[in-house]
Amino acid sequence: MIYNTSSENGTIEVATGFATLLNTGDVILLKGDLGMGKSVFSRAIIRHLTKSPDLNVPSPTFTLVQTYDTPDPKIGTLWHFDLYRLESPEDLYEIGWEDALTSGVILVEWPERLDYLTPRSAITVTITPGETATSRIIMIER
Ligand SMILES: Nc1ncnc2c1ncn2[C@@H]1O[C@H](COP(=O)(O)OP(=O)(O)OP(=O)(O)O)[C@@H](O)[C@H]1O
Ligand SMILES: [Mg+2]
């Protein structure tokens, strides 16, 4: 599926709609350059699935991962990874990657860093620039 959004709110709407389709075991790889909206997209999913519209969702820039409990047994725990600073894929084991794979829904910013540990069955969300400063093209592939 391809979506064009003309504002941050448009991206939030797409992400919220996408969130309703998720199930435990899903891995979402969020690709796109700096500032494209990977965190905006992730935050909207997290707020929807935790049913907390105002939840503070910091970028896990230094901790590399942040978990969120959801009230929905169909989702379980939400794992939000930002792997920009991951030095090698082996380091994933120190931040709970194996637990994440068996206990919920995984969101990954900078999934290129997963390298050979990239799960085979993942959903890829790629965000690229649109024609204006606040437009984006969002491609979702299963
Ligand atoms: N259509 C849009 N969709 C998403 N974000 C938008 C849009 N238009 C403007 N923005 C702005 O772009 C920025 C996106 O920032 P965000 O932190 O989500 O990017 P990111 O891809 O996570 O970057 P990083 O690689 O640094 O983690 C925000 O400041 C947001 O307000
Ligand atoms: Mg980000």
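Both ligands and their constituent atoms are indexed starting at 1 by order of listing.
Counting only N and O atoms by type, the side chains of S39 and S59 include a donor and acceptor under 3.5 Å apart. Checked by atom type, the side-chain pair T11/T5 shows a donor-acceptor distance below 3.5 Å.
Atoms of ligand 1 lying under 4.0 Å from any heavy atom of R136, numbered from 1 in the order shown and given with element: 1 (N), 2 (C), 3 (N), 6 (C), 7 (C), 8 (N), 9 (C), 10 (N), 11 (C), 12 (O). Of all the atoms in ligand 1, the ones that sit under 4.0 Å from a non-hydrogen atom of D33 are 21 (O). Those atoms of ligand 1 that come under 4.0 Å of a heavy atom in E109, given as number and element, are 22 (O), 27 (O). The L34 neighbourhood of ligand 1 comprises atoms 23 (O), 25 (O), 26 (O), with distances under 4.0 Å to a heavy atom of that residue. Interface atoms of ligand 1 facing T5, defined by a heavy-atom separation under 4.0 Å, are 1 (N). Listed by number with element, the atoms of ligand 1 under 4.0 angstrom from any heavy atom of W110 are 25 (O).
Under a 4.0 angstrom heavy-atom cut-off, I127 registers as lying outside contact with ligand 1. The shell of residues lying under 4.0 angstrom from ligand 1, judged by heavy atoms, includes G35. Using a 4.0 Å cutoff on heavy atoms, S7 counts as a contact of ligand 1.
Residue M139 is tested with V125, I2, T124, I127 for a side chain to side chain contact (heavy atoms under 4.5 Å, CB included); the sole match is I2.
Aromatic pair W79/Y68: centroids not less than 6.0 angstrom apart.
Checked against a 3.5 angstrom limit, the closest N/O atoms of S6 and ligand 1 fall outside it.
Of all N/O/S atoms in E109, OE1 sits nearest the Mg ion (ligand 2).
Under the 4.0 Å distance rule, the nearest protein heavy atom to atom 23 (O) of ligand 1 falls inside the cut-off.
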